[in-house]
Structures are given as C-alpha cells and as structure tokens.
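Within every chain, numbering begins at 1; the chains are lettered A, B, ... in the order of the sequence lines, protein sequences first and strands thereafter.
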Amino acid sequence: MSDKILLGHGSGGTMTRKLIENLIVKTLGNPTLNKLTDAATLNLPSGRLAMTTDSFVVTPPVFPGGDIGKLAVYGTINDLVMVGTKPFYLSLAFILEEGIELELFRRIVDSIAEAAENVGVEIVTGDTKVVEKGKGDQIYINTTGIGIIPDGIEMSPERIQVGDKVILSGTMGDHGITILACRKGLEMKTDLKSDCAPLHRLVNAMLDVEPKIRVMRDPTRGGVASVLNEIAEQAGVEIKVEESRVPILPQVQGMCDLLGLDPFHVANEGKLIAVVPAESAEEVLSAMRALPEGKDAAIIGEVVAKTEYPEVFVETEIGTTRILEMLAGDQLPRIC
Amino acid sequence: MSDKILLGHGSGGTMTRKLIENLIVKTLGNPTLNKLTDAATLNLPSGRLAMTTDSFVVTPPVFPGGDIGKLAVYGTINDLVMVGTKPFYLSLAFILEEGIELELFRRIVDSIAEAAENVGVEIVTGDTKVVEKGKGDQIYINTTGIGIIPDGIEMSPERIQVGDKVILSGTMGDHGITILACRKGLEMKTDLKSDCAPLHRLVNAMLDVEPKIRVMRDPTRGGVASVLNEIAEQAGVEIKVEESRVPILPQVQGMCDLLGLDPFHVANEGKLIAVVPAESAEEVLSAMRALPEGKDAAIIGEVVAKTEYPEVFVETEIGTTRILEMLAGDQLPRIC
Amino acid sequence: MCIGVPGQIISIIRFEGIVETKGIQRKVNLALVPEAKVGDYVMVHAGTAIQIINNEEAQATLKLLEELVGDEE
Amino acid sequence: MCIGVPGQIISIIRFEGIVETKGIQRKVNLALVPEAKVGDYVMVHAGTAIQIINNEEAQATLKLLEELVGDEE
Amino acid sequence: MKNRYRDPLLIQKVTQKIHQVTESLDRTVRLMEVCGTHTHSIFHFGIRDLLPEKVELISGPGCPVCVTPMEFIDQAILLSRQPDVIITTFGDLMRVPGKRGSLLQAKAEGADVEILYSPLDSLKLARENPEKLVVFLGVGFETTIPLSALAIQQAEVEGIRNFKILNAHKIVPPALRALTTQDIRLDGFILPGHVSAIIGLKPYHFLAEEFGMPGVVAGFEPLEILLGILKILEQLSEGRAEIENVYRRVVCSEGNRRAVEMINKYFVLTESEWRGLGMIPDSGLMLKDEWKDFDLLTQENLDAVKAVQEEMEQLSEYSSQNMDGPCICGLILTGRKIPLDCPSFDKVCTPESPLGACMVSAEGTCAAYYRYRGRGGRFHVR
Amino acid sequence: MKNRYRDPLLIQKVTQKIHQVTESLDRTVRLMEVCGTHTHSIFHFGIRDLLPEKVELISGPGCPVCVTPMEFIDQAILLSRQPDVIITTFGDLMRVPGKRGSLLQAKAEGADVEILYSPLDSLKLARENPEKLVVFLGVGFETTIPLSALAIQQAEVEGIRNFKILNAHKIVPPALRALTTQDIRLDGFILPGHVSAIIGLKPYHFLAEEFGMPGVVAGFEPLEILLGILKILEQLSEGRAEIENVYRRVVCSEGNRRAVEMINKYFVLTESEWRGLGMIPDSGLMLKDEWKDFDLLTQENLDAVKAVQEEMEQLSEYSSQNMDGPCICGLILTGRKIPLDCPSFDKVCTPESPLGACMVSAEGTCAAYYRYRGRGGRFHVR
Ligand code: SF4
Ligand code: SF4
Ligand SMILES: [Mg+2]
Ligand SMILES: [Mg+2]
Ligand SMILES: [Mg+2]
Ligand SMILES: [Mg+2]
Ligand SMILES: [Mg+2]
Ligand SMILES: [Mg+2]
Ligand SMILES: [Mg+2]
Ligand SMILES: [Mg+2]
Ligand SMILES: [Mg+2]
Ligand SMILES: [Mg+2]
C-alpha cells in the first residue's frame, strides 16, 4: 500500500477495497460493518428513535486533547444524549484529501475505534471518498448517530419555567481556544487542551437525579452565548447569567484578552448547558461534580422571566449588566 | 443576506441560524426538522432497521440529468433499497466552500426537497459547515438514511446458487461518462445525461415478483465490474457476463473508445445489479421493463460455478472470454 | 500504440473540424489531412485526424475476407 | 483603541522576549522597551511591548483609590 | 489572585463619589471616550448602569477602523483581487464595508487575505513568499504606529523588498482639536490609555489651556474608567480644566521616548480624512521620502498599484452617481444623530451585513440600537 | 449498425483458416505485436482463445510508456515539484513508477500535473497561465509525434514562450531491427496500424529483405488482427517473407506525407534508450536546433531545469547504490523471462503500486500473471 492517500483510494475499486478491509474494517470491525453491504441491518430495543448528524472539519486534525476522530464520535454522541438518547449506532463517512499520509488516517481511525468503544456504540456503515489535493483539508468526517430515548424522558424548551437554574458542566471555551492556539502564525504557547469528551455518563447521572430536566444543549460552534440565546428564544424567556460564576480557565481568558475575543462565543466539545428545575438544581450539580467530566460544573444563571422579547443578559462581576448576544459572523482576532 | 457563502454562515451564530431558517428549513421543513434540536426524534414501524451513509463530492455540482443534491438523496435511498429497505428518514450534512453563490446552494436545497418528496422520505436532522475557500469544492453533501426492512426480505450473497441470473437494470456508465464530459479541458459534446434516479419503485416491483432475490447492488463508483467482483467474492462463485447483452449507449461506448476507458468500470447512479433465481429471472425482468427506470433492463449473465477462486469473466461478442477485474486505482484517459 | 477512433467530420473551420463518433462531438485538428471534407470519415488520435478513412478499401478488405473464407465452404 | 494586555517577561533574547499572560506564552518584540528585564511586567499591544508596567505607581493608584473612598466613611 | 481593579466594594465607593460630585453640577454633562477599548470596557462592564442620569457617555471616533474612510477599504479590496498579492491585516478591518463589499467577502471570493496578530508577522509572510507582494494594512493610532515602524525597520535590515504598507495611520490629538472646535457640546475627554503610553500627556495640554476642556487619561479596568470619570467631574465641579493621569502604572507623562522616535524616524505629518470628522490637517502620517520604497501607493511601476488606481477612479465615478451617503455613521460617531435617523438601519444594514463601521463592532452605536429594534422605543433596557 | 469486423461467422471462418494453415507448420511460431493497442485488443477480445496452441503471441515493446526509461519519469517528477511548473501529459504516464514514485503520487503531494487528451490542449494551458512554465511530456511514436510538431508550430505562430516539451519521442522501425537482431526467437511481426498510417510500408521492408522476417500491418478489430495473423502464417507456410497490409482502410503504402513532413521539419534522428532493449541508434527524435527554444532540457537558464539536472545527478548516485534493477520488465518485454522469475512480483510489485511498466497496464504481462497468482501455477485459465 502506498504511504499516502491517492485518488485511487476513493475510486471504488481494489484500492478502496483494500483500504477499507485492511484499515477501517480491521480497526472498527464488528459483525454488522464487516458485511460491507450497501446498508447495515440493525437491532434496536423498542422506544423512540433519535437521529443526529454532524460533519467535522477541524484544522489541525490532531490537536492537544484530541483529534478529529474522537471529535467525530463524541460530537455526535453528545448531540444524541442532549435529548436523552441512549446511543447505539454510528455511521462514519470520510472525505480524504489526496496526498495525506496514510499514517495520519490510520491514527484517526484508531482514535475513532477507541472513542466508539469508550461510549459503547458500534460503527455499522461507512463511506470513504478521496478528493483532489487542494479540494479538502486533510480529513473531513461525517458521523450520523441513532439511538433510543427511554420512556419518561421528554426534554423540550417549552417546559422551561421562571426560576429554573442554568447549569454549565465545566470550564468554557477550552476547545475553541486550543484550536486557535494551534493556528499557524499566532504562535501562542499554552498547556491548554481541548475538552473533547463524551457526555453520556454525565447525562445519565443527571437524568437519574432529575428526569424532568427541561433541556440540555452542548455549546459547540457559537459557544455558550449562542446556545443560551437559542434556548431563550425557543422557550420565550429572559435568562440571566452571573459572570463571576461561569467557570473559565485563566489561559482561555488570557487568550481571549490578547485577541479581543469573547469566551462566551468560543466553541466547546465536552460541555453541556442544562436548564434544571430550581428545586433539584443543587442535587443535579452534586451528581455532575461527582464525575470527572462534570467536576467544574456550576450553576451559572437562571430563567428570570417569560417574555415576548427573549434575551440573555450577563450580570457582570461588578454587579452591572450587559446583553449577551449570539455570535454574528465569525470571531476574528482584533487589536482594537 | 450576502449573496455568497461566508465563513460566518458556518460559525454557529446568527448567520448560521438565518441560513438554516430562511433557506434550509423553509425548503425542507417538516415538524421534526423544524425543531432544530440536537437530535431528531423519530417514529418508525417495527421491523429490522437499516442504515447507510454516503458523502457526495461530485464536480460539477450541477450536471446534465441532475445535481449533487438529487444525487445525495437518491444515492442513499438506493443503498437502502438495495437490501430491501423501505426508506423513512434522511440526515443531511453540508460542507460548503466559502465564497460559493448562495444561489447555487439554494438550487441544490430545492433539488433535495424535490428528490425527498419524490421518494417520500423526510429529512429530519442536518448540519452545515463552511470551510475556507480552497479547502473544499463548492458543495460536499453527506446523507445518512434509515428505514425498515419488511419481514421476509433477506438478501445476502450466501444465498447465491449456480444457475442464478445476473440482471442489470439499464444502460451502463451514463453517469460517469456524463460527468467526465463536463470536465474542463476535454471539450466533448454529447447529449448524454446522468442516470441519477431513485430505485425504490423498481426494487419494490422486483421483490413483489420474487421475494427471494439473492442480492442487489447499485454499481456506483467502481462500476459494474467492481460490484460483480464483490458479489463473486462474497458468494464464492464464478460469474459469466455476456458482453453483447450488456446495455450501453453508443455515446458512452464512444467516449470510452476515445479516452481508452472501460465502461465496466464507469460509475452509475440509477442502476442496479440483481442476482435472481433462474426460474423467476424472466418474470423479474418483465416487471422491471414495465417501469421507466428499468425499461432497458437485461439479463447480462449468470452464476456458473461455486469456486475457491471467485472471478468474473466476460464472454465477448466474438465468443471468446476475458477476465473482468475490479477497477485498480482511478481510470485515467489514455492514448495508448 | 496509439488509440485511434473513427469519426465523421460534420463541419470544418480552417484547420479544425467537429468530428462525431457515436454521438460524441469533439473539435479535431485537421492539419494533417488537409484534403478532408465534411462527410469524410477520419481516424482520430489524441484530438488530431491522422488519416482519412478509405471506404473503398474498407469494402475491398471485407470482400476479400468473405471470399477468403468463402472458398473453404 | 489598541487592546493592551499585561504580561510578565520570562526570558529575553536580543530584542525579543517570551511574555506570559495567564498561562499563555508568546514571543513579544521588546524593541520599544529596551530597559525591560526578565521578571518585569509589560503592556503588550499586537505582539509588541509598548511600556513597562510601573508597579509602584500601580500600588499608589490603588492606595489613592482607597483613601479617596475611605475619607467618605 | 483577585483583580483589585474590579473590587465591588471599591467600585461601589467610587460610584457613590461620582453621584455626590454630580449632584453639585447644575446640568447634564457629556463626556466622550475616544478609545475603542474604552468603549468596549464601558459596554462589557456595564459602566453606564453605574452613572447618574446627568452623566452621558459618548463614544467618539476612537476605533481606528471606525474612522478609516471607505476609500481605504476599497483600495485594500481592489488590491486583494490583484494576482500575487497577499493582504495582511488585523481582524478588525475584515468586516468593514467598502463601496463593494468587505475584505471578508473579497477573501470568500478567493483573495489572499491573512489576519495577523502583529505587523511583524507580515514580514514572515513576505520572507516565505518572495514572489508575492505582501501588503500590510497600516491602520491604527500612536499605539500601533511604532509597530509599523518596527516592521519597516526590520524589512530594511533584511532587505525584504516585497513588503509594503498601505498606510492610513492617524494620530489622536488633532482629532481632539477638531472635535472640540466642531458643533458638538462636550464637557470633557476620557483620554486613551495606550495612545498616552506612547505620547505622554503633553500633546493634550492644549485642550485644557486653549479650550478649558478637562481631560483624564484612564486605564481600561472598571475602577480605572470610573476614576477617570470622577476626576473629570471633580474638575467640572471645581471649575478646573486640567490634563490628569489616573493610569500611571502604564502611562508616564513623557510617554515612551523610544516609540516616539520610531514614529518620527519613519513618518511625517500630513492631512488626513476621518470618517465623521472630515479632513483634519496634520492628523495623518505618511512615510518619509527615504522610506517610500515601503509605501505601496507610491510604487506606481507595480502592475497591482496601477490597476488599483485605475479601478479607484471608476469606483469613485460609480460612487458619486449611485452610492452617495447611505450611511450616516459620521454623524452618529460625533453624537449629532442617532441610528433611528438612518434610512438604512435595520433595513439593508444589520450586524451580519453592516453598511457602516457603527454596525460592524458589537459596541458600535448602531449595533447597540439594533439589539433593541422593534421594542417600541425601549432602547436602553437595563 | 452491426460492426462487421466483429462478425462471429466471419471470425469463425478466419479462425478455421488459421488452424488449417498452422497444421501445415512443423513448429511453434512466435509472433510479436509491437503496438499497445494491438495488445489491448488481443486481450479485450480474447484473441488467444481462438489461436492454435502452436501460435504464440508475444507482446513486444509496443506501448510508448513501457519503453520509456525510468530516468524520463524521474525527470518529469522532479520537474513537477518545481514551483510554477505545470506538467501536461497523457494519462498513460501517470502510474508509471520512477525511482521515487509516480506522477500520480507527485500530484497527490501537490504537484500541478494535468492530464490532457491532445497536446494542443497544453498550449491552451500555456496561454492561460503565462507566468507558469507549461511542460508537455512528449512521449509517443510516429502517430503522436506529428501532434507534438503541430503544438510547437502553433506555439511558434502565437509566440507562446512558456510552452516546452520534455521530449522522449521514439520511432518504431529501429526497434524492430533491434528485436530482430537480439537473441529472441521471432517468426513474424504484427505491425502497428496507426504508426503505419503515418509512415506507410516502406520503412518495414528491411525486415523481409534483410532478415527474411514476415510483417503484416493490421487494424485493431478482431477480424483485422486475425487476418493479420493469418497472413503471417500463410507467409511462413509458403516460405515467403513480405510486408503486407490488411489495414488498407486507414493505411496506404506511402503513409501520411503531410505528417511525415511535420516530423521532419521539427525533429532529427538521435540514439535513444528503450526499456528492455537498451540504447538503439537512430531510434529517437530530438528537436532540431532552430526549435531548441521549445526543448525543455536545453533551457539551462531556467531555474526549474537547473534544479532538475542537479537532482537527477543525486538520484542517479542514489540509484546506482540502492535501486539497481528490482524490475526485470525489460527481459519480460522481450520474452526472455516470465514474471514469476521476478523477485518483486506479488511482493512489492502489484497493480495498485506497480514497480515496472509491465504491471501498470491491465494488459501488461506482469499484471496478467498477477491475476492468477496463488492458483497453483494455473496461469492461462480460459
Ligand atoms: S445603521 Fe448602518 S448605515 Fe446607518 S449609520 Fe449605522 S452603520 Fe451606517
Ligand atoms: S513484477 Fe513488477 S518489478 Fe517484476 S518485472 Fe513485472 S513490473 Fe517489473
Ligand atoms: Mg451502493
Ligand atoms: Mg448534530
Ligand atoms: Mg453537534
Ligand atoms: Mg459509499
Ligand atoms: Mg449540539
Ligand atoms: Mg452508502
Ligand atoms: Mg452509495
Ligand atoms: Mg451540527
Ligand atoms: Mg490576491
Ligand atoms: Mg509544480
């Protein structure tokens, strides 16, 4: 086998075949995937089915704390568990750029295998395309996940009530700032790591304590601010966030200061925001803190009013307020 | 809204939001998708669940006979129906290249809506990423499909028996050659069209006549030759193809002659190959020919032996034989 | 060596013509067959006509063939 | 205008230094503060130290503040 | 370590003091901050919440991007479309609209535009791409200008000839003079902390001496801003007009001599166009003759420059016919109009596709109004 | 319209005739086709199935790619890695391995390699990319050489100076002479149809006249190939040795005068290295002095050429130390060894990553053997 990915690896012929058999199936294989049929046949317990999809396009593909493979598994798992799903199966589709090192691809596939095993999901169907050099960015991955929502779990923004507490499961912005620090040209050095992690255990622990959690979201692209605004709008409420309670690493704050960024708009990959009934908020929080992925969890705010003009505002550390908006456009480093 | 896709459209903030609400949800919307939750909650009748995924990376995104949107819906539907599935739901994930015309994107989304409606599937969850200019090729699409396999349908290569007939549902190579003819620099003019089409009706008609069809495959990348070799290997058989019975348009043959390509290795996007019990082959064929997507269907060969050395061979139009191999690498136009 | 495909000239402008082969049209350089005219069949190699196909000779060869095998029966 | 972030110099080579701010290290041009030494805090704007932070003045200001508000009580 | 500049108790005390002093004043006072980072801090920390109604803060023309004329953006965009040109810029400029789109859009269309953190990073690109013309968009006030000077110095030392500046550097004091003499009622200036770190206090003295206008150099922490405001109010209350400095940890009265030398070595004063203020004499800097090699626009032998100049002429015709003044940013920047007066507001001009600089940054006045559009005039919510 | 050249009945009859004539021969005869397209047709139509055991077909050095020395591929790859160079080539060359990979791999690593259908398309690229050096890999025999000549003519007319040829054109008759004089037993040649369309019959006469070797020019349809074989067998049976032509619809005995003129106008004979055959005098073509401007390797002032020449020297040292002869393609091409004799076969050399040209194309002898590897010696299945 060549040590680079060539267009032929995506041609559908013997090169594709060997790549899939020798690398993907060998690493990720299970009786369902091994059949390599056009579509996989699956077994699921009864219950409501949930489905989600995401493509992953992160640069660089390997970064402190993770890689695009781990991200692709955990990202989709997290979207499933945000609505209370028990994840069962994933599909896995690669778009590889001609010329990348086979070794990199192998590493990513290994990482996917490890992540899938860690969460207990099976990869049951897949696809590998190769695009010409200069028409991709090393590796793009799509994963689509399905699972079953147990009876009794019914999260929805409409259930949100005034007084509900807003919980953030850990420090804000680690992933986005880690990726930014990798960017060629910025030349920032930190010991930051992406928070890339699966949230299924955390969600289970939370739902065990309080099955009536109103809504959960993972604040990925667009950050905490965008997710809170979405929730406020879908529920028709005003949400207050107390800035001094929002967990954030000094390095993340430092990088945001340097580059003029707002950490509320920075992406996370192993965090969740939950709106929880006030009466059980502390108990949910304790359950979260008992797990490593929730050890820094905090109640960061609450739902303060039903309103025709949904909004999210921050109570600053000096006791004043400001509006917290959704991200508009991309965040760009600035000097002013 | 800007008339081009910008990075901000993939940032997860208001621009992403507006793009999704004003364009995607408006065009593809249904009660499930409209919720824009992390994962969609679905209803499915009981039965075995089937799942498949594919990414679509075709250039150009709009071509005679179709576009990448249609392809993305039908391609995944076809993989589902190849194992006898009734398709229900699709996920839809875009990777857009910064700078493409919003108009092109709109056109593709419209086309997806039309295709989904035509097949009767719902798009229930999605994702939109934007990558920097030069890190994509206008539009990449991943669709993942799920559906239910009715009881009594159990296709598998192990069921193949000596004497079974091999049916090809129509002319070979139309899609691949159409795309090739679009290639800048070749400057070939033809009235060829991609065969891009959904095969659910055809498969239903076939299974109605013969529920014991051994196996079906859509000969996409790698072409008829690769799919036949896969089947031969999985079933451990020798397959004979009679070249003079293989339907092929003169333009496809002509282009292959000009460029030194083998039409057996060229991709199709609305064709299937079925291995059918000899006794019902003619009846299945009649049922196929009664539908527009099967009007050129033909029995192109048969399973001639069980073997330790699976292979596919062609009986040429002059009565001799040659081995039909899987595609190795990519097909490249040649002059010698 | 050298894939050659026959095609019919359907139009000519200066040293270039449109040649059709089984429904495929392509611009073909005709500089090596200056005497070619619309309607002629030419042998095309890599976008250039390398020779005009001689229909009479083609018929003659086929006739020869038929005779050749015919005299065995 | 001009975002400025304070940081501590942790090493210097010629006109450049590594400056650390809340766990972030970055190469910073020190040409505008030639008298800066390792351990000093500097104000960094766009990758360049524009001034050495005067710790005594900082203390003085804070003290002033405390007095200023203190005399109201 | 707690940040004492955000100590709630101290803040509360200073705030009380501000209210006390304000009570002694018989009228509404209008204070202007002329630094984008002050504007940002005031917004971020909700400083207005703390002030008496009688104290009004006006965000002046304090962000280099906001005052850069549209023509400069147009030039940068046209340039970015030339072959073999790499534009390097701070992220701030990316979204600012010119007559035909922004640099962000130009990039989306394939222009090679690189966002950088330091002007010196631009040299690195020039070194790595010797066959390309690497242009740094020289925007910024006294804080940033020495950095451009350092970049030129380094390019000169290394003989990097493909590095050029498209220069729109401006200096602050002449703008203060213009603001003071224009028909805007102002009672005092919160003076920019980091500009002052470079130029010191002397260049502001004319404000107090010629115009009786108080000015206080302040830092960017909440307590520092509040202290600055307090100091101005005290001056007003006592009938004084002085230039004070409450940002002594960074600003000394002489400024940074080395930095000022760098500015003076490479640049010389010239008149300059400010969005909202018009042409202001001696408020801009141009490269001295001996450094013209690094001044993009004087390289008239370069194809890229020729092309840009021709297209600028066409664009200005086009503009004078069709595009004259859809944005009243200038009037808003100087406090003479509010966004609701602008015909483009919330119609063609939104934060996702802003027409003017006031809509570009989240702290821009138009962006702030946008947030509360359609709420029956309820503008300043909390 | 039915293709009469594939008429099963006619084919059956000709085949019978071939069997009849063969019976009259007292030994196995070895016929060599020296045209890749003949090889392809013989494979595609399963012609060997139809022949008597006593008639053996040997695929000679008939594909320009197979006989191009590794050095040429190395040059092309090194060149493709130079900045601002676009390599244009027929697809055939893409997979052929040099000492360090193929053009396909170079492309995967970012080299700008364009596959084209006609050499004239290369000019189009040169026109559209005036700042790039556009190099056409001039590989091919007499059929293709006039096309290179046309491209040079057109470049000259239009003054396209950035178009160059990396030239490895070869002509067929000297190779036939070499094959005839080497230690290979051959009984006749199936002569190449499209080369003959250009050069006519005269250049082959030496075969019959000097060596008593039969030769028949044949077309590419099954019936035409069979007829060619029959004609050779008849000559052998009758003890004749002549040059016959059964491809008269395309080949006339004078060839294409205009095409030959084009060749002679631009090229002149030189010795040339053939993979498998070694150096053959007067078997290659080089550009005449007056057209040297278009000859890439003589442009010693170009950086790209200098760089390639230096690297080629290093590579040849590297090669002579480490890489000498892992591929015995040359011996296989001339029928002196079989693939199973090759130590690389089915180990490091496979169709997906071929070491030698014989493994590159599906019709290559090594590729054919590969298909039946591990079948206990069962090689020619059907
Ligand atoms: S709303 Fe837009 S167009 Fe109007 S003044 Fe503000 S920025 Fe300019
Ligand atoms: S098997 Fe490979 S290395 Fe050996 S002779 Fe054939 S092509 Fe060359
Ligand atoms: Mg398929
Ligand atoms: Mg998702
Ligand atoms: Mg997600
Ligand atoms: Mg697939
Ligand atoms: Mg999510
Ligand atoms: Mg699939
Ligand atoms: Mg498919
Ligand atoms: Mg998503
Ligand atoms: Mg450019
Ligand atoms: Mg190159």
A/I141, part contacting chain B, at a heavy-atom distance under 4.5 Å: neither
Which portion of B/I148 sits near chain A, non-hydrogen atoms under 4.5 angstrom: neither
Winner by heavy-atom pair count (cut-off under 4.5 Å) against chain B, out of A/S46, A/P157, A/G10, A/A40: A/A40
Leading residue by heavy atom contact count with chain B [cutoff under 4.5 Å; candidates A/G8, A/G12, A/A225]: A/G12
Residue, of A/V83, A/V124, A/L42, that accumulates the most heavy atom pairs under 4.5 Å with chain B: A/L42
Residue among B/G222, B/G145, B/G136 with most heavy-atom pairs under 4.5 Å to chain A: B/G136
Considering all heavy atoms, the nearest B/P219-B/V227 contact: CA-CG2, 3.6 Å
Chain B contact via A/E233 - side chain, backbone, both or neither, heavy atoms under 4.5 Å: side chain
Top contributor to chain B interface from A/L49, A/L44, A/D330 [non-hydrogen pairs under 4.5 Å]: A/L49
Test side chain to side chain contact (heavy atoms under 4.5 Å, CB included) applied to A/T128 and A/I5, A/I24, A/L92, the passing residue: A/I24
Residue from B/V203, B/I153, B/I146, B/I149 passing side chain to side chain contact (heavy atoms under 4.5 Å, CB included) with B/T85: B/I149
Residue part contacting chain B, namely of A/E97, when any heavy atom lies under 4.5 Å: neither
Side chain, backbone, both or neither of B/E132 within contact of chain A (heavy atoms, under 4.5 Å): neither
Largest heavy-atom contact set with chain B, pairs under 4.5 Å, which of A/A267, A/G223, A/G147, A/G134: A/G134
Top contributor to chain A interface from B/E325, B/Q331, B/R17, B/M155 [non-hydrogen pairs under 4.5 Å]: B/R17
Heavy-atom proximity to chain B below 4.5 Å, by part of A/S91: both
Residue selection (most heavy-atom pairs with chain A, distance under 4.5 Å) from B/H265, B/E230, B/K135: B/K135
Side-chain H-bond candidate by donor/acceptor type, A/N142 with A/T144, under 3.5 Å: yes
